[in-house]
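Worth knowing before you read on, the calculation uses all heavy atoms, side chains too, and leaves out hydrogens, waters and symmetry mates. Everything numeric here is computed off the predicted structure, so don't read it as measured data. Every chain is numbered from 1 and lettered A, B, ... according to where its sequence line falls, protein lines coming before strand lines.
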Number of protein chains: 2
Amino acid sequence: MEMPNAVAALSALAHPGRLEVFRLLVRAGAEGVAAGEIARATGSLPNTLSTNLGILAAAGLVAARREGRSIIYTAGYDRMRELLAFLVEDCCGGRPEICAPLAAVASAGCDAEARSC
Amino acid sequence: MEMPNAVAALSALAHPGRLEVFRLLVRAGAEGVAAGEIARATGSLPNTLSTNLGILAAAGLVAARREGRSIIYTAGYDRMRELLAFLVEDCCGGRPEICAPLAAVASAGCDAEARSC
DNA sequence: TCTATATTTCGAGAAACATAGAATCGTCAA
DNA sequence: TTGACGATTCTATGTTTCTCGAAATATAGA
């Protein structure tokens with residue numbers, strides 16, 4: 001991940017409403033949540049929520065798919081992982097005892113090996 | 001970590017200059033880097049850098065200590081870990097195969113057990 | 001087609017943020 | 001005490017972001 005993308009992702013999350021939405025979607029998992037339901041759960045106006053979802057989507061932190069009249073949003077786990085990895089990159093210059101738990105997230109995708117970690 | 005603290009931390013990082021400084025300090029480790037050296041490394045004006053370091057410090061992402069005439073800044077690894085944990089809290093609602101590598105960072109501090117992870 | 005539902009886009013005013021010049025504070029050495 | 005150096009604080013200006021009302025778009029069903 002490059003600096004501008006990281007800043008965009010962090011800026012997207014640096015907002016109470018958007019952070020709440022993102023965490024809701026992280027908890028929701030792969031099925032996702034409809035925009036209207038997010039609005040109800042967070043108590044935000046539809047237009048404001050739509051703007052914020054657009055910002056999250058532009059940063060790659062959420063993805064949208066249409067289902068009938070609803071638009072379902074899901075968390076972008078891959079982008080999230082990239083962001084966390086970017087934040088702790090080259091941590092501690094060779095002193096893993098400080099940030100091993102941070103670096104763990106920087107490792108490759110969620111495969112069977114990682115699951116036992 | 002609570003929402004306002006998380007937003008403050010993310011806002012602090014959502015800025016190219018501050019993000020660069022923070023990553024520099026993450027790489028530098030526990031010894032830290034003097035403000036002047038940071039300014040030289042990042043090409044920022046002393047007053048602008050000072051403001052940005054103050055914002056990072058207020059968010060708990062960096063700590064400062066004086067050494068003679070210099071002020072040495074170090075990354076706040078604990079706060080960083082709290083932030084990452086907050087972001088992936090309750091991830092996937094019971095589907096660890098999606099976000100086990102994310103959750104790894106959410107686990108407790110950097111003790112001997114975690115090091116082997 | 002007509003209507004209702006779901007969501008997005010547009011526009012404007014208010015608030016917050018970023019930057020840099022100038023002045024100030026703290027430390028060290030002579 | 002004086003001067004030099006490192007860093008911060010103050011202040012002003014320009015830019016960006018946030019929010020909400022109003023209007024527009026898209027889909028589904030009668």
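Look at CZ on Arg40(B): it is 12 Å from C1' on dC5(D), rounded to the nearest Å. Atom CD of Glu37(B) and atom P of dG6(D) are 12 Å apart (whole Å). Following rounding to the nearest Å, Leu49(B) (CG) and dT9(D) (C1') show an atom-to-atom distance of 14 Å.
Chain A approaches DNA chain C over the interval dA4(C) to dT9(C), counting the first and last nucleotide 5' to 3' with an atom under 4.0 Å from its heavy atoms.
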One pair to check against side chain to side chain contact (heavy atoms under 4.5 Å, CB included): Val21(B) and Thr42(B). What are the steps and the verdict? CA-CA 7 Å; Val21(B) 168; Thr42(B) 62; 4.2 Å; yes

Before giving the answer on side chain to side chain contact (heavy atoms under 4.5 Å, CB included), spell out for Leu13(B) and Leu83(B) the whole-Å C-alpha distance, their side-chain angles and the decisive distance to 0.1 Å. CA-CA 11 Å; Leu13(B) 294 173; Leu83(B) 176 62; 4.1 Å; yes

Could you walk me through whether Met1(B) and Arg79(B) pass the side chain to side chain contact (heavy atoms under 4.5 Å, CB included) test, one step at a time? CA-CA 9 Å; Met1(B) 176 175 257; Arg79(B) 173 54 63 103; 3.1 Å; yes

Intermediate values then yes/no, side chain to side chain contact (heavy atoms under 4.5 Å, CB included), Arg65(B) and Thr74(B): CA-CA 8 Å; Arg65(B) 71 174 190 273; Thr74(B) 50; 3.7 Å; yes

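At distances below 3.5 Å, not a single donor-acceptor pair connects side-chain atoms of Ser70(A) with backbone N or O atoms of Arg66(A). Panel note: side chain Ser11(B), backbone Val7(B); a donor-acceptor pair is recorded below 3.5 Å.
With sequence neighbours excluded, the residues satisfying side-chain contact (heavy atoms from CB on, under 4.5 Å) with Asp78(B) are Arg81(B).
Taking both residues in full, the closest heavy atoms of Asn52(B) and His15(B) are given as ND2-CE1, 3.8 Å, listed atom of the first, atom of the second, then distance. Taking both residues in full, the closest heavy atoms of Ala9(A) and Leu61(A) are given as O-CD1, 3.5 Å, listed atom of the first, atom of the second, then distance. Here the closest non-hydrogen pair linking Phe22(A) and Val62(A) is CD1-CG1, 4.4 Å. In this structure, Ala64(A) and Tyr73(A) approach most closely via the heavy-atom pair CB-CE2, 3.5 Å. Gly32(A) approaches Ile72(A) most closely through the heavy-atom pair C-CG2, 3.8 Å. For the pair Leu49(B) and Ser44(B), the tightest heavy-atom approach, listed with the atom from each and the gap, is CB-OG, 3.9 Å.
Contacts of Ala39(B) with the nucleic acid, taken as non-hydrogen atoms under 4.0 Å apart, are absent. Counting any heavy atom pair closer than 4.0 Å across all strands shown, Ser70(A) reaches sugar-phosphate atoms only and no base atom.
Within a heavy-atom distance below 4.0 Å of DNA chain C, the residues of residues 62-69 of chain B found are Arg66(B), Gly68(B), Arg69(B). Listed by residue number, the members of residues 1-9 of chain A with any heavy atom below 4.0 angstrom from DNA chain C form an empty set.
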Can you pull every protein N or O that's under 3.5 Å from an N or O on nucleotides 11-18 of chain D?
residue: dC18(D); atom: OP1; partner: Arg18(A); partner atom: NH2; Å: 3.1

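Atom CG in Leu24(A) sits 8.0 Å away from atom CD in Glu37(A) (nearest 0.5 Å).
Helix-axis bend for the helix from dT1(C)-dA30(D) to dA30(C)-dT1(D): the local axis fitted to the five terminal pairs at one end deviates from that at the other end by 30°, rounded to 10°.
In this structure the side chain of Leu87(B) reaches within 4.5 angstrom of the side chain of Met80(A), judged on heavy atoms.
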